[in-house]
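As structure tokens, the structure follows; a few thoughts come after it.
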Amino acid sequence: FEFNFIAMSAVFGAVLVAGAAAAARPNVLFMMADQMRFDSMGSTGNKAARTPALDRIAAEGLRMEWSWSSTPTCTPARAGILTGRSPWNHGMLGYGAVAPWYPVEMPTTVAAAGYITHSIGKDHFGWNATTDHGIAHGYQATELYDGLGSWNPKAPTHWSGEYDDYDKWFQSVMPGKDPEATLDAQGAAHGGANDGWNGWHGAAYVYDEQYHPTAWVGRQAVSFIQAANKTSAPFLLKVSFHRPHSPYDPPARVMNQFKVEDLPPIVAGTGWDLRFRGQPGDPIGCGPSDPDAWCGLMPTNLSNVSRVAYYGSVSFVDEQVGHIYDALVESNLLETSYIIWTSDHGDGQGDHYHWRKGYPYEFSAHVPMLLRWPQSEVGPRGFTAPRGLVIKNLVSELRDVFHTVVDATKALTAQPVLPFQAEDGKSMLCLLTDPTGQHCTYPLNPGPWRQYLDMEHSTCYNNSNHWNALTDGRMKYVFRAYFGDEQLFNLTADPTESVELSQDPTYATTLKLWRGRMVAQFESENRGPTWVQNGTLMQRSQGQTYSPNYPRGPPAVPNTKITLAQNGAANDQWTLNGSAVVLQGSDPLCLAVDGEASTGAGLITAECLASAASQSFTTVPAPTVKGAFHFIQIVHTTSKLCITASGNSVSLATCGASPADTQVWVDGASGRICADKLSGECLTAGTSWEEWEAHHGAPATDDLWKY
């Protein structure tokens with residue numbers, strides 16, 4: 001659908017009184033991209049980039065030269081923005097599910113202060129299939145395009161998985177058409193399963209550009225601003241573009257503006273990165289045979305198209321940013337509105353033979369960060385920073401967005417249940433009066449700006465990609481947890497991280513300093529002996545997606561029905577232990593057949609008993625192994641029936657000689673067992689959040705961190 005002013009007038013009207021009382025308070029326009037590299041803007045010196053709108057915001061505001069995404073994949077990065085906390089403190093150490101509730105959330109806090117809160121584009125907060133809406137986290141209204149799900153002509157809506165606002169709008173104007181035909185064609189052409197959400201191939205968008213989700217998000221944002229101009233209530237508007245995340249599919253008009261010879265060359269080293277080329281013995285999932293490859297030396301003709309398409313995707317996003325900026329000007333809101341721009345993470349784009357995201361390296365973790373302040377705030381706030389300021393000696397991170405927004409909206413009366421820690425976010429408004437960061441008086445987290453930044457990511461794509469890191473913008477220290485070894489980079493002398501220095505004796509003292517800092521971090525956070533012992537960082541072959549601070553649902557108990565849920569639900573990590581499938585973190589509980597082992601029987605949790613026939617399963621490799629994943633069938637030992645997915649439930653069914661898609665499971669490195677189809681939903685013993693709230697009421701905020 002398109003923005004409906006009449007429908008939104010109730011939201012605007014509901015806060016008119018609060019808005020009138022706080023008419024002097026500024027608006028906040030928070031915009032972000034998905035998978036946009038820090039160096040893909042012209043303002044960073046990239047002469048190939050075509051980003052005039054973002055460059056204008058940088059020239060009229062502040063650009064943080066050193067800004068990172070601490071956990072550089074989609075969901076944990078967004079949890080940092082939502083909560084203003086470090087990865088360990090908000091609980092997401094890798095790619096999983098954003099928790100449905102947190103004790104303190106940015107839009108909830110701002111809404112409580114009398115602001116309209118509205119989100120357009122990608123939230124990736126989770127989808128409630130019962131209400132057919134995304135989880136809002138305090139946004140009073142959402143218009144979503146999360147870029148999830150897949151085309152299914154047999155389904156009533158022609159779609160499987162999350163069917164969000166863009167998907168519905170597209171079917172209203174292009175009935176019966178596949179909105180992701182570009183990516184589906186790319187996936188099919190290159191050996192995939194008609195799904196290129198994470199593909200490395202590129203192509204021009206197959207429809208008229210007005211139907212592109214990037215254009216749709218831009219139009220919705222412009223419409224919101226035009227409607228907001230008719231009220232006196234201040235707003236927080238989040239505009240989150242899905243692109244330049246895969247698929248790399250800009251309109252041909254934009255894509256044709258770029259030539260590969262004009263782009264910065266791919267960075268390829270001769271040392272630490274050679275194992276990612278996709279040669280025999282390299283990690284699984286590397287190389288051009290996998291359309292969703294996370295690493296590999298790709299054929300030049302194909303990677304050239306991908307890189308041109310990526311730059312085109314960035315440029316098309318920038319065009320929409322320009323339209324949104326112009327709407328602020330035309331609505332006379334520019335000089336009463338803060339503008340923030342960032343991205344959740346970067347994109348390998350072939351550098352060091354890496355694609356996609358989830359790595360500690362600059363192409364993945366280093367993100368843009370722009371802040372434009374309104375003229376109306378200069379005098380009252382005492383801002384002295386010149387426009388066009390570039391801060392090059394302080395490190396910022398996505399967690400700082402929360403605090404900058406809360407500070408800008410003066411929403412400081414909603415005190416957090418748990419106080420923020422020094423390692424949590426800071427308000428960038430501090431830097432507009434003191435660019436040194438030494439005298440930040442922002443009340444929710446006062447004190448000097450951080451000296452260095454913590455980063456980490458649990459197992460992603462392959463066991464080998466599991467790491468912790470620290471950086472101050474000058475040096476970067478990486479502890480590769482799976483191997484138990486280290487990397488050290490001098491970012492000042494070697495900004496592309498081509499020379500790894502951990503074995504260089506001239507850097508021995510520096511290496512020891514950074515290692516000690518990571519030890520001190522783990523000890524101060526009480527991470528425990530699996531992380532650090534007697535001052536020594538421990539090798540960790542098993543990933544850990546969530547810290548104890550993650551606000552989970554209720555713990556699993558015996559006789560809990562096994563269902564399917566999105567990756568990262570409570571109680572969805574398992575260990576295959578002989579013939580038993582054991583729920584991780586339980587006391588202990590095992591997967592069991594519910595009643596007689598016959599066709600249609602469901603599955604439940606049960607106290608683990610070695611002799612119980614109901615708990616004995618055998619895993620059988622599926623005939624087809626694709627990419628980096630381990631595909632299996634799970635067979636009940638006694639009945640010889642297979643665990644089979646159907647909707648959001650699982651049951652036993654006759655095993656097919658050539659397994660149906662619903663009997664093929666991905667045994668993930670993180671412990672999840674996920675359906676190959678059905679949008680990759682995973683076996684879970686977790687009570688749904690809706691059921692939990694229905695039975696217990698909304699949990700008290702001080703209880704949220706207990707589960």
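Everything numeric in this text was worked out from a predicted model, so none of it was measured.
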[X] versus [Y]: any side-chain heavy-atom pair under 4.5 Å?
{"X": "Leu564", "Y": "Leu683", "value": "yes"}
{"X": "Met106", "Y": "Ile81", "value": "yes"}
{"X": "Val532", "Y": "Met518", "value": "no"}
{"X": "Gln615", "Y": "Cys608", "value": "yes"}
{"X": "Val582", "Y": "Cys590", "value": "yes"}
{"X": "Glu397", "Y": "Met455", "value": "no"}
{"X": "Arg480", "Y": "Glu486", "value": "no"}
{"X": "Pro87", "Y": "Arg399", "value": "yes"}

Trp514 and its ring-ring contact (aromatic ring centres under 6.0 Å, His included) partner, picked from Phe489, Tyr507, Tyr452:
Tyr452
So among Tyr550, Tyr546, Trp531, which one has a ring-ring contact (aromatic ring centres under 6.0 Å, His included) with Trp88?
Trp531
Would you say [Y] and [X] are linked by a side-chain donor-acceptor pair, where the criterion is simply a distance under 3.5 Å?
{"X": "Asn89", "Y": "Glu423", "answer": "yes"}
{"X": "Gln663", "Y": "Thr644", "answer": "yes"}
{"X": "Asp282", "Y": "Tyr353", "answer": "no"}
{"X": "Tyr361", "Y": "Gln487", "answer": "yes"}
{"X": "Thr575", "Y": "Gln584", "answer": "yes"}

Is the side chain of Ser313 donor-acceptor paired with the backbone N or O of Ala309 at a distance under 3.5 Å, no angle test?
yes
Distance-only, no hydrogens or angles: does the His137 side chain make a donor-acceptor pair with backbone N or O of Ala99 under 3.5 Å?
yes
Distance in Å, [X] [atom1] paired with [Y] [atom2], rounded so as to fall on 0.5 Å steps:
{"X": "Ile562", "Y": "Cys682", "atom1": "CD1", "atom2": "SG", "value": "12.5 Å"}
{"X": "Asp344", "Y": "Thr71", "atom1": "CG", "atom2": "OG1", "value": "11.5 Å"}
{"X": "Cys74", "Y": "Tyr95", "atom1": "SG", "atom2": "OH", "value": "6.0 Å"}
{"X": "Asp667", "Y": "Phe631", "atom1": "CG", "atom2": "CZ", "value": "11.0 Å"}
{"X": "Thr536", "Y": "Phe522", "atom1": "OG1", "atom2": "CZ", "value": "12.5 Å"}
{"X": "Asp472", "Y": "Met475", "atom1": "CG", "atom2": "CE", "value": "8.0 Å"}

Ion pair check, Lys122 and Asp164, cut-off under 4.0 Å:
no
Inspect the contact between Arg37 and Asp347 and indicate whether a charged nitrogen and a carboxylate oxygen are less than 4.0 angstrom apart.
no
On a heavy-atom basis, which atom in [X] and which in [Y] lie closest, and how many Å separate them?
{"X": "Ser502", "Y": "Leu488", "answer": "N-CB, 4.0 Å"}
{"X": "Ser86", "Y": "Asp454", "answer": "CB-OD2, 3.9 Å"}
{"X": "Leu491", "Y": "Thr471", "answer": "CD1-OG1, 3.7 Å"}
{"X": "Val314", "Y": "Ser40", "answer": "CG1-O, 3.9 Å"}
{"X": "Gly199", "Y": "Ser246", "answer": "O-OG, 2.7 Å"}
{"X": "Gly358", "Y": "Thr73", "answer": "CA-CG2, 3.7 Å"}

With Trp665 via ring pair (Phe, Tyr, Trp, His ring centres under 6.0 Å) - residues at least two apart:
none
Set of residues satisfying ring pair (Phe, Tyr, Trp, His ring centres under 6.0 Å) with respect to His352, sequence neighbours excluded:
Trp272
Between Trp355 and Trp200, what is the ring plane arrangement, given parallel below 30°, perpendicular above 60°, and tilted in between?
tilted
Gln539 atom CD, neighbour heavy-atom count above 12 within 6.0 Å
yes
The residue among Asp34, Asp123, Asp146 that forms salt bridge (Lys or Arg N to Asp or Glu O under 4.0 Å) with Arg78 is Asp34
I need the full list of salt bridge (Lys or Arg N to Asp or Glu O under 4.0 Å) pairs touching residues 518-545, with sequence neighbours left out, sorted by first then second residue.
Glu456-Arg527, Glu525-Arg527
Taking the ring of [Y] and the ring of [X], is the distance between their centroids below 6.0 Å?
{"X": "Phe402", "Y": "Phe420", "answer": "yes"}
{"X": "His466", "Y": "Tyr482", "answer": "no"}
{"X": "Trp294", "Y": "Tyr461", "answer": "yes"}

Between Thr618 and Thr637, does the side-chain hydrogen bond (donor to acceptor under 3.5 Å, both in side chains) criterion hold? Intermediate values first, please.
CA-CA 6 Å; Thr618 303; Thr637 305; 3.3 Å; yes
